[in-house]
Amino acid sequence: MASTSKGRVLLAYSGGLDTSCILAWLIEQGYEVIAFMADVGQEEDFEAARKKALAVGAKKFYLHDLKREFVTELIYPAMQANCIYEVSCTVSFLRRDRHHGMQNVYLLGTSLALADTEGCDYVSHGCTGKGNDQVRFELAFYGLRPDIKVIAPWRMPGTIPVQQTTAKPWSTDENLFHISYEAGILEDPNVTPPHDMWQLTTSPEAAPAEPERLSIEFKAGPPNQKTFTDPVEIFWVLNALARKHGVGRINIVENRFIGVKSHLSCAAAHMDIEGLTLDRNVRALRDQFVTIEFSRILYNGTFFSPEREFITSAIPASQRTGNVIIEGRYSEEGLYDEAQSSMDELGGFEPTDTSGFIQIQSIRIKKWAQSNIRKGQGGVRAKDVYGSRA
């Protein structure tokens, strides 16, 4: 370790192999590292993660419980807008950070507030150079702090050699609303996911034959269940029922924002009631514009942007057991490139190129953020970043 510190880094930490290696690497490069984790409903041993971070050499470790904010500030608006990416990927863009799942965008505001408190000069993440999440992280950072410096080790040639093992031939991203599996053996889009991969849902074959009936009230969009009133509690109850009955499994090929196709599997009432409560033309306009654009905003990671504020301001006005599971697919068209999509090999893709892609995408977002700061409308707390500016 260098004798003089290069500065403080706030690292979005997972407790896993990737970010533990990045933590050690940052320390070796001469940085002081503050490790930060968010609880957004994943099944995680947070105490073990804390001990590991401090043992590796983090100066401090922070864990913030963001489940309630995740539900009320992100999931509920996405439900109200019926957000679906490319027809079949139901709000899976609300994943947490790639190395531990995609941390929801609320985490990014919270992490920057912590970076300010701890006097951090940099932020860092463990997202790969091929995925969407590096873009989501960095565009969100720039939308709140246009001058923030980002360290992205996976885009630096030859920094940290970490290989996937046959003991875990796929990666898993989980939060309160979603779990996804990708990479490894799943990079072949015609591979049927093995039964032991699915962590949160019972297989349809093993699900109960008898249905369970429940009543959910929706009030101005969000669920307003009479027995369970807390937003997080509602999700825990519904998740338990869905897990028991094998609800929510999908198997898809999606188009990443950076242009690479990806194969993944995901496990994730509101839409039906709208037939009774929404005017025909209001619903049509919402579905043709708000649904599509808000889905794209969430998927691409441009949440902290002028278009998101415009879109979410329109959402309130629009709020007055059988499963079919795809097991695999195959095509000779050639648009899906397993080697290029792989997280285990470059396949002709240069992760360093993504830095330029992110910088170009962030130009207008940085200018927007700088304008907000000049007008005294900057800030990274919840009251500063949600809703719309006057």
Side-chain angles (χ1 to χ4, degrees), residues 14-19 40-45 48-49 84-103 126-128 130-133 162-208 235-236 238-256 260-268 321-331 336-345 347:
S14 72
L17 178 61
D18 286 11
T19 49
V40 286
Q42 70 271 32
E43 295 182 357
E44 185 69 51
D45 188 339
I84 297 178
Y85 180 72
E86 292 190 339
V87 180
S88 56
C89 195
T90 54
V91 202
S92 68
F93 34 73
L94 293 179
R95 291 187 294 171
R96 299 171 301 126
D97 160 39
R98 162 76 183 87
H99 50 266
H100 190 62
M102 168 66 187
Q103 305 275 5
C127 307
T128 71
K130 279 190 176 182
N132 289 317
D133 297 334
V162 176
Q163 297 296 326
Q164 192 162 355
T165 67
T166 55
K168 188 184 178 185
W170 54 75
S171 67
T172 303
D173 302 334
E174 180 192 356
N175 61 39
L176 184 65
F177 197 40
H178 158 274
I179 186 169
S180 69
Y181 313 88
E182 62 181 338
I185 62 172
L186 300 178
E187 283 162 0
D188 180 350
N190 201 32
V191 165
T192 299
H195 290 295
D196 63 350
M197 182 194 76
W198 302 99
Q199 297 179 16
L200 301 185
T201 55
T202 303
S203 69
E205 296 86 351
F235 266 84
W236 287 133
L238 294 179
N239 279 348
L241 281 173
R243 176 183 296 198
K244 178 180 176 181
H245 289 273
V247 174
R249 294 186 181 186
I250 60 172
N251 185 330
I252 63 172
V253 173
E254 69 179 17
N255 289 292
R256 297 176 189 159
V260 177
K261 289 185 180 293
S262 175
H263 175 222
L264 69 156
S265 300
C266 309
T321 85
N323 261 344
V324 176
I325 297 177
I326 306 299
E327 294 191 340
R329 80 279 296 143
Y330 173 77
S331 171
Y336 181 90
D337 186 328
E338 185 175 338
Q340 188 180 65
S341 175
S342 174
M343 295 298 180
D344 299 325
E345 59 178 303

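Everything quoted here is computed from the prediction, not taken from an experiment.
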#### Entry: Residue pair Ser14 / Thr19: nearest heavy atoms and the distance that separates them
OG-OG1, 2.7 Å
### Spatial distance of atom CD (Glu43) from atom CG (Leu200) [nearest 0.5 Å]
5.5 Å
### Summary
For Asp45 and Ala48, the nearest pair of non-hydrogen atoms, with its separation, is OD1-N, 3.0 Å
### Task
Answer whether the closest heavy-atom distance between the side chains of Lys244 and Thr201 falls below 4.5 Å.
no
### Task
Could you pull out the closest heavy-atom pair between Ala49 and Gly15, with the gap in Å?
CB-CA, 4.1 Å
### Message
Donor-acceptor pair, distance only, cut-off 3.5 Å: does the side chain of Thr202 make one with the backbone of Arg243?
### Response
yes
## Note on the structure
Between Trp236 and Gly41, the two heavy atoms sitting closest are CH2-O, 3.6 Å
### Task
Return the set of residues passing side-chain contact (heavy atoms from CB on, under 4.5 Å) with Ser203 (not counting sequence neighbours), or none when no residue passes.
Glu205, Ala206, Arg249
#### Entry: Flag side-chain contact, heavy atom, 4.5 Å: Gln199 against Ile179
yes
### Query
Rounded to the nearest 0.5 Å, how far does CE of Met197 lie from CG of Leu186?
5.5 Å
#### Entry: Residue pair Pro194 / Ile185, side-chain heavy-atom distance below 4.5 Å
yes
### Task
Might you point out which heavy atoms bring Pro204 and Gly246 nearest each other, and give the distance in Å?
CG-O, 4.5 Å
